[in-house]
**Q** 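Before I ask anything, let me first share the structure, which is written out below as structure tokens.
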Amino acid sequence: MLSPRRVLFLVLLLSLALPSLANAGVQPRYDLSTPEGSPFPSDRWTAVDWSQPTGLRVNLPKPDCNARPSDCADIDVLNTLDGFNIQPRISIPFTGAIDPASVSSSSVFLIRIPDHAITGVNQIVWQPAAATLHVESDQLLRQQTTYILVVTDRVRDASGEPIESAPFRKRLHHNMSELVRGLPDKLRLSDVAVATVFTTQSVTPLLEQVRAQIKASAPAAADFVLGAGGVRTVFPLASISSILFSRQVTTAPGFQVSPTGTPFLSLYPGSVSTVAFGAYNSPDYETAAKVIPPLGSTAPPIQGTNRVYFNLFLPTGTAPAGGWPVAIFGHGFGDNKNSSPFVVASSLARRGIATIAINVVGHGGGGLGTLIVNRAAGPPVVLPGGGRGIDQDGNTTIDSTEGVNAAAPHTLISNRDGLRQTVIDLMQLVREIEVGMDVDGDGARDLDATRISYFGQSFGGIYGTKFLAVEPNVRLGVPNVPGGAIIEIARLSPAFRGLVTLSLLSRTPPLINLPGFAFNENIPLRNLPPLIDTVPGASAIQRQIEWSEWATESGNPAAYAVHLRSRPLVGVPAKSIILQYARGDQTVPNPTTSAIIRAGSL
């Protein structure tokens with residue numbers, strides 16, 4: 001039996017211990033057995049792969065694929081990447097509740113190795129049900145770069161006390177010195193509650209490697225003999241009464257015939273003198289599933305050859321020595337080269353600039369479509385319409401954009417590779433102009449290879465931004481209403497949000513979290529106060545949006561914007577850029593355009 005003195009001693013000991021026990025629970029979790037158990041992203045979830053540019057390959061574990069086949073398919077895509085998102089959704093689990101108001105760029109931040117530049121956080125979300133903090137990096141990070149994620153004890157628990165440290169130090173190894181040297185002034189190692197290291201993925205190398213292949217090539221000259229029976233498809237505008245586009249819309253085949261915008265070529269009377277239709281061969285890096293295989297340490301393999309058709313409009317008058325200056329026009333989503341280029345060509349022609357345009361991958365209907373040039377004198381000339389659409393889903397119809405997206409099970413890739421292939425086709429077009437484009441067959445250049453510019457609208461501004469960043473011989477560009485990550489455009493746009501709803505609904509299990517055909521992702525815009533996420537199912541949608549952005553980052557124009565002027569790629573000069581946006585745009589919402597402006601310091 002305990003003596004009264006011993007009882008008193010135990011009571012005193014417990015009274016001293018209980019307060020510290022009560023406060024000890026709130027610290028970052030550091031369970032390295034699952035990605036959700038510790039701060040993410042982390043190189044803990046990579047494997048060494050020296051065939052990759054970063055020397056790493058993402059290696060996420062899969063869930064039960066019978067119960068969650070959609071997640072497994074997406075993880076298969078993510079596990080081909082050589083690093084993490086360059087604007088990651090950072091998740092930090094805790095052992096208890098924190099005060100979200102204490103989260104800021106001074107309490108949670110990223111240290112770039114080796115120069116120790118600091119990047120803060122934005123779009124702060126606290127998820128009480130999982131006791132997990134989600135933030136985004138305040139800026140796009142550099143590709144192929146190592147960062148240290150730092151969470152300090154300036155983050156407070158729900159009672160206002162500093163959070164405590166997790167047992168992370170053994171995992172940092174040689175990066176511990178980088179952490180100590182990289183901490184901002186007035187912060188010490190003892191102030192760090194948890195830290196982890198991650199490496200960002202490659203973005204531009206594939207297109208850079210392809211560009212080197214294209215520039216080293218000596219392609220055959222562009223072909224202007226496309227008419228049935230070997231007719232040259234170069235026409236004085238005055239000789240044309242109309243041009244019809246017979247677009248292939250079914251595999252039967254079925255066609256939809258409509259007039260092109262030929263009258264718009266005289267918007268400024270007398271500005272356009274010649275309408276020409278040509279073709280060239282471009283290397284195809286996409287597989288049949290519309291996927292460019294993961295980049296290794298060598299140039300990607302060519303899968304085949306694209307026959308790319310173009311429309312060319314020449315100004316009236318005598319061409320300057322060396323040929324006409326030429327502007328490449330990039331059409332929008334769902335449009336094609338036989339529509340909007342006719343509308344804009346007269347404006348440029350009156351300033352002495354030729355206009356040339358191709359179809360985006362998956363656009364312009366099926367390959368059996370034709371153009372019918374009706375002439376004032378002589379029979380009509382029929383030539384290929386240049387359609388690049390396919391019946392990808394097997395329902396016998398060819399939609400206006402069918403074939404630009406990757407097919408299942410690679411649907412997470414979306415149009416990443418369709419747009420990169422379009423950029424490749426545009427670089428090949430530049431090469432065709434460089435080797436000499438003889439339109440009228442007199443043996444002389446008709447386009448000046450030293451005066452090539454680019455302008456594109458909407459989708460054309462999106463892939464055009466990437467094209468301008470990687471193509472050295474196009475020094476002037478006007479992207480009109482471009483946007484950043486495609487998933488961000490889609491979820492924020494009333495015009496496209498239904499497509500995101502459909503994709504969430506079609507998953508197994510589905511991620512729709514509202515009655516009917518709707519969802520609530522509960523993601524704050526930039527620079528707003530921290531958001532408390534109590535919406536059931538919202539966090540799963542947030543993660544899916546993050547996965548989509550991560551998988552498509554090498555096709556995100558915002559990821560290329562920094563290379564337009566601030567940090568041009570090797571061998572590419574800084575570009576002169578006019579970026580246009582429409583205030584209150586409901587198709588390409590302003591936050592997605594501002595992402596490009598911010599990333600490029602434009």
Side-chain angles (χ1 to χ4, degrees), residues 84-90 105 110 119-125 134-143 145 147 200-201 203-204 330 332-333 414-416 419-420 423 456-470 477-497 499-500 521-528 531 542 544-567 575 577-602:
F84 295 95
N85 195 351
I86 62 170
Q87 190 158 32
R89 176 183 184 249
I90 298 167
S105 294
L110 303 170
T119 299
V121 297
N122 214 311
Q123 293 176 277
I124 299 164
V125 176
H134 305 286
V135 298
E136 279 210 0
S137 59
D138 190 45
Q139 306 168 26
L140 262 73
L141 308 179
R142 291 191 180 181
Q143 63 173 327
T145 301
Y147 287 83
T200 55
Q201 65 179 313
V203 173
T204 63
F333 185 73
S414 184
N415 54 33
R416 179 195 75 188
L419 294 188
R420 289 199 294 179
V423 171
Q457 187 265 336
S458 191
F459 216 39
I462 289 170
Y463 59 81
T465 298
K466 292 176 279 190
F467 171 61
L468 287 164
V470 298
V478 184
N480 175 265
V481 294
I486 294 294
I487 185 62
E488 287 294 286
I489 294 173
R491 77 174 184 89
L492 293 173
S493 166
F496 297 126
R497 189 171 173 86
L499 297 178
V500 182
E521 69 273 45
N522 209 24
I523 298 176
L525 294 175
R526 285 177 51 83
N527 302 325
L528 293 179
L531 183 149
Q542 293 168 19
Q544 185 59 32
I545 290 169
E546 161 65 12
W547 282 5
S548 177
E549 184 176 309
W550 179 8
T552 60
E553 203 66 85
S554 58
N556 178 359
Y560 290 77
V562 67
H563 304 301
L564 293 173
R565 296 184 59 82
S566 297
R567 287 189 293 108
K575 304 301 175 72
I577 298 292
I578 298 175
L579 190 146
Q580 301 172 320
Y581 70 98
R583 185 176 181 181
D585 194 331
Q586 298 292 290
T587 302
V588 181
N590 292 163
T592 67
T593 304
S594 65
I596 296 177
I597 296 170
R598 193 167 54 250
S601 301
L602 300 177

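Here the structure is a predicted model, which is why all the values come from computation and not from measurement. All values below were derived from every heavy atom in this structure, side-chain atoms included, with hydrogens, water molecules and symmetry-related copies excluded.
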**Q** Among all residues two or more places apart in sequence or in another chain, which pass the side chain to side chain donor-acceptor pair (under 3.5 Å) test with Gln123?
**A**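 Gln123 satisfies side chain to side chain donor-acceptor pair (under 3.5 Å) with no other residue.
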**Q** Tell me every residue that passes side chain to side chain donor-acceptor pair (under 3.5 Å) with Glu546, counting only those two or more places apart in sequence or in another chain.
**A**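 Result, side chain to side chain donor-acceptor pair (under 3.5 Å) vs Glu546: Asn85.
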**Q** Specify the closest pair of heavy atoms between Gly483 and Ile596, including all atoms of both residues, with the distance to one decimal.
**A**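 So the two residues come closest at O-CD1, 3.3 Å.
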**Q** Among residues at least two apart in sequence or on other chains, which ones pass ring pair (Phe, Tyr, Trp, His ring centres under 6.0 Å) with Tyr581?
**A**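 Not a single residue meets the ring pair (Phe, Tyr, Trp, His ring centres under 6.0 Å) criterion with Tyr581.
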**Q** Would a 4.5 Å heavy-atom cut-off, applied to side chains only, mark Ile86 and Arg142 as touching?
**A**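 No, too far: nothing below the 4.5 Å cut-off.
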**Q** Measure the CH2-CD distance between Trp547 and Gln542 for me, rounded to the nearest 0.5 Å.
**A**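 The CH2 atom of Trp547 sits 13.5 Å away from the CD atom of Gln542.
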**Q** With sequence neighbours excluded, tell me which residues meet side chain to side chain donor-acceptor pair (under 3.5 Å) with Thr204.
**A**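 Thr204 satisfies side chain to side chain donor-acceptor pair (under 3.5 Å) with Gln143, Glu208 only.
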**Q** I'd like a table of donor-acceptor pairs (distance under 3.5 Å, sequence neighbours excluded) in which one partner is a side-chain atom from residues 554-564, with atom names and distances.
**A**
| from | atom 1 | to | atom 2 | distance (Å) |
| --- | --- | --- | --- | --- |
| Ser554 | OG | Arg420 | NH1 | 3.4 |
| Asn556 | OD1 | Ala485 | N | 3.2 |
| Asn556 | OD1 | Ala558 | N | 2.9 |
| Asn556 | ND2 | Glu553 | OE2 | 2.6 |
| Tyr560 | OH | Val203 | O | 3.2 |
| Tyr560 | OH | Ser554 | O | 2.5 |
| His563 | ND1 | Arg567 | O | 2.8 |

**Q** As a quick check of understanding, evaluate side chain to side chain contact (heavy atoms under 4.5 Å, CB included) for Gln544 and Ile487, giving each step before the final call.
**A** CA-CA 10 Å; Gln544 185 59 32; Ile487 185 62; over 6 Å; no
**Q** Going through the checks in order, is the side chain to side chain contact (heavy atoms under 4.5 Å, CB included) test met by Val478 and Ile577?
**A** CA-CA 6 Å; Val478 184; Ile577 298 292; over 6 Å; no
**Q** Show the nearest heavy-atom pair for residues Leu602 and Leu579, with the distance to one decimal.
**A**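 Nearest heavy atoms, Leu602 then Leu579: CD1-CD1, 4.0 Å.
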**Q** Kindly state each residue pair satisfying salt bridge (Lys or Arg N to Asp or Glu O under 4.0 Å) with at least one member in residues 584-594, sequence neighbours excluded.
**A**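 Matches after skipping sequence neighbours: none remain.
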**Q** Do Ile124 and Pro524 have side-chain heavy atoms sitting under 4.5 Å apart?
**A**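 Result no, sub-4.5 Å side-chain heavy-atom pair not found.
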**Q** I'd like to know whether Tyr147 forms a side chain to side chain contact (heavy atoms under 4.5 Å, CB included) with Thr145, so could you lay out the CA-CA distance, the side-chain angles of the two residues, the decisive distance to 0.1 Å, and finally the verdict.
**A** CA-CA 7 Å; Tyr147 287 83; Thr145 301; 3.6 Å; yes
**Q** Does Ile545 form a side chain to side chain contact (heavy atoms under 4.5 Å, CB included) with Glu521? I'd like the steps, not just the answer.
**A** CA-CA 9 Å; Ile545 290 169; Glu521 69 273 45; 4.0 Å; yes
**Q** Quick one: does Thr587's side chain get under 4.5 Å of Val481's, heavy atoms only?
**A**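 Answer no - side chains too far apart.
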**Q** How about Ile486 and Ile462: do any of their side-chain heavy atoms sit closer than 4.5 Å?
**A**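 Ile486 reaches Ile462 side chain to side chain.
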**Q** Sequence neighbours excluded, which residues qualify as side chain to side chain donor-acceptor pair (under 3.5 Å) partners of Asn480?
**A**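 Here the qualifying residues are Gln580.
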**Q** Could you pull out the closest heavy-atom pair between Gly584 and Asn590, with the gap in Å?
**A**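 Heavy-atom minimum between the residues: N-OD1, 2.9 Å.
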**Q** Looking at Thr119 and Gln139, what are the two nearest heavy atoms and their distance?
**A**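 Closest approach of Thr119 to Gln139, heavy atoms only: CG2-N, 3.9 Å.
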**Q** Is it the case that over 12 heavy atoms from other parts of the model lie below 6.0 angstrom from the CG atom of Leu499?
**A**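 It does: Leu499 CG has more than 12 such atoms within range.
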**Q** Mind checking what makes ring pair (Phe, Tyr, Trp, His ring centres under 6.0 Å) contact with Phe84, not counting sequence neighbours?
**A**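 Counting only residues at least two positions away or on another chain, Phe84 forms a ring pair (Phe, Tyr, Trp, His ring centres under 6.0 Å) with Phe40, Trp550.
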**Q** What distance do Leu110 atom CG and Ser105 atom OG have between them, rounded to the nearest 0.5 Å?
**A**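 Nearest 0.5 Å value for the CG-OG distance: 9.0 Å.
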**Q** Restricting to side-chain contact (heavy atoms from CB on, under 4.5 Å), what partner residues turn up for Thr552, sequence neighbours left out?
**A**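 Testing Thr552 for side-chain contact (heavy atoms from CB on, under 4.5 Å), a comparison that skips the adjacent residues, returns Ser414, Arg416.
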**Q** To the nearest 0.5 angstrom, please state how far the CZ atom of Phe333 sits from the CG atom of Leu419.
**A**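 Here the rounded value is 9.5 Å.
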**Q** Identify the heavy atoms of Leu492 and Pro591 that sit nearest to each other, and give their distance.
**A**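 Closest pair (atom of Leu492, atom of Pro591, distance): CD1-CB, 4.2 Å.
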**Q** Using salt bridge (Lys or Arg N to Asp or Glu O under 4.0 Å) as the criterion, list what pairs up with Arg565, not counting sequence neighbours.
**A**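 Here no residue qualifies.
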**Q** Would you say that Val588 contacts Pro482 through its side chain, given a criterion of any heavy-atom pair below 4.5 Å between the two side chains?
**A**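 Val588 vs Pro482: side chains apart.
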**Q** Is the closest side-chain heavy-atom distance between Gln87 and Leu141 below 4.5 Å?
**A**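 Answer no - side chains too far apart.
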**Q** Sort and list the pairs that fulfil side-chain hydrogen bond (donor to acceptor under 3.5 Å, both in side chains) and have at least one residue in residues 591-602, not counting sequence neighbours.
**A**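 The answer is none; no pair qualifies.
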**Q** With sequence neighbours excluded, tell me which residues meet salt bridge (Lys or Arg N to Asp or Glu O under 4.0 Å) with Glu136.
**A**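 If we apply the salt bridge (Lys or Arg N to Asp or Glu O under 4.0 Å) test to Glu136, skipping adjacent residues, there are no hits.
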